[in-house]
Student: 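I am attaching a structure below and will ask some questions about it afterwards.
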Amino acid sequence: MLENEYYPQKTEKKWVEFWDKNKTYKTYDDSDKPKYYALSMFPYPSGKLHMGHVRNYTITDVIARFKRAMGYNVLHPMGWDSFGMPAENAAIQHGANPKKWTLDNIEYMKKQLKMLGLSVDWDREVATCKEDYYKWTQKLFIELFKKGLAYKKEAPVNWCEKCATVLANEQVIDGKCWRCDSEVTKKNLSQWFLKITDYAEVLLDDLDKLKGWGDNVKTMQANWIGKSYGTILKFKVKEIEGLEIPVFTTRPDTAYGITYLVVAPEYKDIEKLTTKENLEAVHNYRENAKKMSEIERQSTERIKTGVPLGTHIINPFTGRVCPIWAADYALADYGTGAVMAVPAHDSRDFDFATKYNLPIIQVIDGEGYDPNKVFEDPGVLVNSGEFTGIDNETAKKKITEYAEKMGFGHSKVQYRLRDWLISRQRYWGAPIPVVYCEKCGVQPVREEDLPIQLPTDVDFSVQGKSPITTSKTFQNAVCPICGAPAVRETDTMDTFICSSWYYLRYADAKNDKKPFCKELVNKWLPVDQYVGGIEHAILHLLYSRFFTKALRDIGLLDFDEPFKNLLTQGMVLKDGSKMSKSKGNTVDPDEIFANYGADTARLFIISDSPPARDFDWSDAGVEGCYKYLCRVYRLYSKFQDKIKLEYNLPETVDKKAEDLIREVHLSISKITSDIENEFQFNTVVSKYRELTNAIYDYIKDEETINYDVLSFALVTLLKLISPVAVFMSEEIYQTLGGVGSIHEQKWPVADMTKTKQNNILLIVQVNGKIRDKIETTAGQTNDELTKLAMNSEKTKQFMDGKTVVKTIVVPDKIVNIVVK
RNA sequence: GCCCUGGUGGUGAAAUCGGUAGACACGUUGGACUUAAAAUCCAAUGAGGCUAAUACCCUCGUGCCGGUUCAAGUCCGGCCCAGGGCACCA
């Protein structure tokens, strides 16, 4: 029996157990149905769910349930991005064991996710920190290493003092650490990199294939990859025979205006290029640049500084001798680390030349040219020898061609993207599976020795080095080639490596022979719908695309993009700003579950705003959704003895039954298309409410209710609402005597022949302005409708004394009379 | 500076192809039920004008200016504002 009022607290837990016991959401690999892979970005097990999680997983879950009802074999898995700093910080601060801390959090959050009512196949759960997962992360690293895509080199790298580790470029946001927000400095270290730059071109080109991704994300990735077309020009050094400095420029058309050359302070040949008199000054400048934080160094506000090296280059176009300077506005790791300076046509060079009194030579002329200002607009070449008079776009090509012919240059495509620095001097990550042998050099460990397990005899309180290095045994290894004693690598991998392939593991989560079997990943992938936060627009999404392409080239899979459709959901706000602990405006999902039930939370979080937009949480909104669910529940409670799951719609029905039947079919149609069209759940919820209102209208006069018609409406509503109100719909379905689960039922199909209206409201316009609305029968001819409009008294007064020029008719909708 | 996304009532937002702007809610106001409250149900709710009237009717109204069209929230051109991304990338 359904009770008089709805008490989610009493029922929800029961259904979690019911679905667990019956394996309602288990996914089988062998099925005749078409596959559908719905995936949420997996959470970091921080301890408790927040509303951002609730929104993310609810959206994906509703999609998964809808697709299941539509007849798809749906893969909807969940896991844990469970390596990373917070576990280690807990160890440092409270002496916790990172593993236990993490696994406890997972246990708690898993319970919460079940309470949220997710239709996840938990048999495929993965946790990146578990040995049965990171064993395969290590294996994939070795594959990349063998393919030449993982390498070690010494380079200036981003260093976060607070986290005591290096960071990838993508993890430095505005010169600060992405995790702890403290300032990042450069350090020269020997580190492991993945050669993502080998894939720059294809990562950029394939963005075009991703029709199901938003332009915002694609643009962010394109900007990050940063392709630019330019020219390499090589300059002979006057003082040193045989030494050349190549530069990269996107403005070869300004080559006649070069007045000096700049190398980055870290430039490899800088000492060779410095005369004895200048050595000390250059050395000091260089040391100073090293100490500077990235924020300071990259600030465009800062007044540019530099020191002359004392040597010169010869401009091959003009023969002009130009001094070489070291200045930190040149970046060591972009292009060649050296730039040609054309102060007349580059604002940075202009600032620098003005400060140090270097000559400024105009070589482009155009509208608005002012000798006292920099001129960066297009124009026509002047002072440029045989190229004078040519427009600058053409000149770019001609000058490059000339340089190529003369042997001192060539065109070049340059990317902004840098290789991915993956070493971390931290404990809680997957150890990089290599050893260093004095004789054989860097060697990956043998596959049968995987996983290289994290040591447990470590001291987390050490400072300035990784806790792993305090293990007494970890570093002692044997060379896999010669068997001699070797030293084990103590760095762990960036956790973004672990999350770059987890979506593949779900396809074959239990495999203990390899990361995944090719057949199964090819079957399930690519992910049909990926849902997650915009904050991963570059980091995780770019890395994952790279991984997929690299693994395809290694031969482990056969597709080249992992995520076919991407939905970046908006943030959950409260009182207009992002929920955060520091602002104290968070809402605890547990409390909402306890007070209103998970169905209320699910319904509320998908209503009001479309998924991609930010969503403002309000207590009144929650209350409103709870009341709506109660209103729905009361319908079933009131008529529970009359509702038939198997009903027979009568051949002929009265007008009000006909209206209700029409509304049901319209609702099915609208809800289905709104879900299919970009998951517009907010309008789906509106339609639930409209249908509910229509049913309430129908039952007003109890005498005239046809219970087959009512059953049709109520059973259909139950199915339509079941992906959202997962608990309540199951409770009602089971009470009505349903077999199996409501969540195994087919999605209703709209009969569009039943949605036709007999009566329409004809809008009559004069010169485009509405003058009358006439109720009339549908399906009349244009002439009939025009006549009707012309005869309207209201319309006539607006046509008085004027001639009708023409009339436009939109059948069953509008007649517009144009008068003069 | 470059790029992306958005701008509609008091609020969240709807509006297939250009065809009734404001669906559905929240909030507010009034009413019914009740000893009372809660819950529930009903009604009104863009702005301004006309009016005895909350009736009828009229005017205006989707960031701003202009254009195309019988008709523009929707299409075109030019701006403004907000949010986000990138940025000493040569």
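Residue numbering restarts at 1 for every chain, and letters A, B, ... go by the order of the sequence lines.
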Student: Between Tyr696(A) and C41(B), does any side-chain N or O lie under 4.0 Å from OP1 or OP2?
Tutor: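 So the side-chain polar atoms of Tyr696(A) never come under 4.0 Å of the phosphate oxygens OP1 or OP2 of C41(B).
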Student: With sugar-phosphate meaning primed atoms plus P, OP1 and OP2, does Ile770(A) contact a base, only sugar-phosphate, or nothing at under 4.0 Å between heavy atoms?
Tutor: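 If one applies the 4.0 Å heavy-atom cut-off, Ile770(A) turns out to touch the sugar-phosphate alone, with no base involved.
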Student: Does C70(B) have its OP1 or OP2 closer than 4.0 Å to a side-chain nitrogen or oxygen of Lys806(A)?
Tutor: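 For Lys806(A), the contact criterion (side-chain N or O under 4.0 Å from OP1 or OP2 of C70(B)) is met.
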Student: When you check the gap from the basic side-chain N to the acidic O, do Glu3(A) and Lys10(A) get nearer than 4.0 Å?
Tutor: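 Yes, this pair counts.
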Student: Examine A90(B): is either OP1 or OP2 under 4.0 Å from a nitrogen or oxygen in the side chain of Ser228(A)? Give yes or no.
Tutor: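 Yes, such a contact exists.
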Student: Tell me whether the NZ or CZ atom of Lys304(A) lies within the 45° cone about the ring axis of Tyr329(A) and under 6.0 Å from its centre.
Tutor: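 Ring-cation test returns yes.
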Student: Under 4.0 Å, counting only non-hydrogen atoms across every strand here, what does Lys218(A) touch: a base, just sugar-phosphate, or nothing?
Tutor: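 Nothing, no heavy atom under 4.0 Å.
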Student: Paired with U51(B): which nucleotide, if any, by Watson-Crick or G-U wobble criteria at under 3.5 Å for both distances?
Tutor: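 Its partner: none found.
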Student: Need one value for Ala330(A): base, sugar-phosphate or nothing, where a base atom within 4.0 Å counts as base even if backbone is also close, heavy atoms only.
Tutor: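 Answer is base: heavy atoms of Ala330(A) come under 4.0 Å of a base.
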Student: Please determine if a side-chain N or O atom of Gln680(A) lies less than 4.0 Å away from the OP1 or OP2 oxygen of A15(B).
Tutor: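 Checking Gln680(A) against A15(B): at least one side-chain N or O falls below 4.0 Å of OP1 or OP2.
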Student: Between Lys687(A) and C24(B), is there a contact of a side-chain N or O with OP1 or OP2 at under 4.0 Å?
Tutor: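 Indeed not, no polar side-chain atom of Lys687(A) lies that close.
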Student: Check Arg662(A) with Asp659(A), please: is the shortest side-chain N to carboxylate O separation under 4.0 Å?
Tutor: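 The answer is yes: the pair qualifies as a salt bridge.
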Student: Between C3(B) and A15(B), how far apart are the C1' atoms? Round to whole Å, please.
Tutor: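 That atom pair is separated by 30 Å.
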Student: Please give the distance between the P atoms of G7(B) and C64(B) as a whole number of Å.
Tutor: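 My reading of the P atoms in G7(B) and C64(B) gives 13 Å.
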Student: Side-chain N or O of Arg416(A) versus OP1/OP2 of A87(B): is the shortest distance under 4.0 Å?
Tutor: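 Yes, Arg416(A) has a side-chain N/O under 4.0 Å of OP1/OP2 on A87(B).
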Student: For Asn816(A), answer base if it contacts any base atom (sugar-phosphate contacts may also be present), sugar-phosphate if it contacts only those atoms, and nothing otherwise; contact means non-hydrogen atoms under 4.0 Å.
Tutor: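 Result for Asn816(A) = base.
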Student: Can G77(B) be described as syn, meaning its chi torsion is within 90° of 0, or is it anti?
Tutor: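 The base of G77(B) is oriented anti (glycosidic angle more than 90° from 0).
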Student: Need one value for Val818(A): base, sugar-phosphate or nothing, where a base atom within 4.0 Å counts as base even if backbone is also close, heavy atoms only.
Tutor: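 Val818(A): backbone/sugar contact only, no base atoms under 4.0 Å.
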Student: Who does C86(B) pair with, Watson-Crick or G-U, both distances under 3.5 Å?
Tutor: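 Across any shown strand, C86(B) pairs with G1(B).
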Student: Between U74(B) and U20(B), how far is it from one C1' atom to the other, in whole Å?
Tutor: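 One C1' to the other, the span is 15 Å.
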Student: G6(B) phosphate, OP1 or OP2: any side-chain N/O from Asn216(A) under 4.0 angstrom?
Tutor: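 Result: no.
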Student: Across all strands, who's sitting opposite A14(B) as a Watson-Crick or G-U wobble pair, both distances under 3.5 Å?
Tutor: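 Pairing partner: none.
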Student: Check if the side chain of Ser686(A) and the base of A23(B) share a donor-acceptor pair of N or O atoms closer than 3.5 Å.
Tutor: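 Present.
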Student: Taking any heavy-atom pair under 4.0 Å as a contact, classify Phe798(A): base, sugar-phosphate, or nothing.
Tutor: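 Sugar-phosphate, no base atom in range.
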Student: Taking only Lys NZ, Arg NE, NH1 and NH2, and the carboxylate oxygens of Asp or Glu, determine whether Lys687(A) and Glu663(A) approach each other closer than 4.0 Å.
Tutor: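 Here Lys687(A) pairs with Glu663(A) in a salt bridge, since their nearest N and O are under 4.0 Å apart.
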Student: So what's C41(B) paired with, Watson-Crick or G-U wobble, going by both distances under 3.5 Å?
Tutor: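 Result: G31(B).
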Student: Please check the phosphate of U59(B) (OP1 and OP2 only) for any side-chain N or O of Arg771(A) closer than 4.0 Å.
Tutor: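 So the side chain of Arg771(A) is within the cut-off, an N or O lying under 4.0 Å from OP1 or OP2 of U59(B).
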Student: Can you find a donor-acceptor pair, distance only, under 3.5 Å between Lys304(A) side chain and C88(B) base?
Tutor: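 Counting by modelled atom types and ignoring angles, a donor-acceptor contact under 3.5 Å is found here.
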Student: Quick one: OH on Tyr698(A) to CG on Leu635(A), what's the gap to the nearest 0.5 Å?
Tutor: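 One finds 13.0 Å between OH of Tyr698(A) and CG of Leu635(A).
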Student: Assign Asp349(A) to base, sugar-phosphate, or nothing according to its heavy-atom contacts below 4.0 angstrom with the strands shown.
Tutor: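 It contacts nothing in the nucleic acid.
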Student: Do any side-chain nitrogens or oxygens of Asn682(A) fall under 4.0 Å of OP1 or OP2 in A14(B)?
Tutor: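 Indeed, a polar side-chain atom of Asn682(A) lies that close.
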Student: Verify the contact: side-chain N or O of Lys578(A) to OP1 or OP2 of G83(B), cut-off strictly under 4.0 Å; return yes or no.
Tutor: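 So the side chain of Lys578(A) is outside the cut-off, no N or O lying under 4.0 Å from OP1 or OP2 of G83(B).
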Student: Which nucleotide, if any, forms a Watson-Crick or G-U wobble pair with C79(B), using both distances under 3.5 Å?
Tutor: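 Per the H-bond distance test, G63(B).
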Student: Find the distance Lys820(A):NZ to C70(B):C1' and express it as a whole number of Å.
Tutor: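 Whole-Å distance recorded here is 12 Å.
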Student: Hey, do the aromatic rings of Phe235(A) and Phe408(A) have their centres closer than 6.0 Å?
Tutor: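 No - the distance between ring centres of Phe235(A) and Phe408(A) does not fall below the 6.0 Å cut-off.
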Student: On RNA chain B, check which nucleotide each of Thr249(A) and Lys700(A) is closest to and give me the residue with the more 5' one.
Tutor: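 Looking at the nearest nucleotide for each, Lys700(A) comes out on the 5' side.
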Student: Does Arg416(A) make a cation-pi contact with Tyr334(A), if we ask for NZ or CZ under 6.0 Å from the ring centre and within 45° of the axis?
Tutor: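 Cation-pi check for Arg416(A) and Tyr334(A): fails.
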Student: Taking syn as any angle within 90 degrees of 0 and anti as the rest, which one fits C24(B)?
Tutor: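 Anti.
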Student: If you find the nucleotide of RNA chain B closest to Pro610(A) and the one closest to Arg689(A), which residue's nucleotide is nearer the 5' end?
Tutor: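 The 5'-side residue here is Pro610(A).
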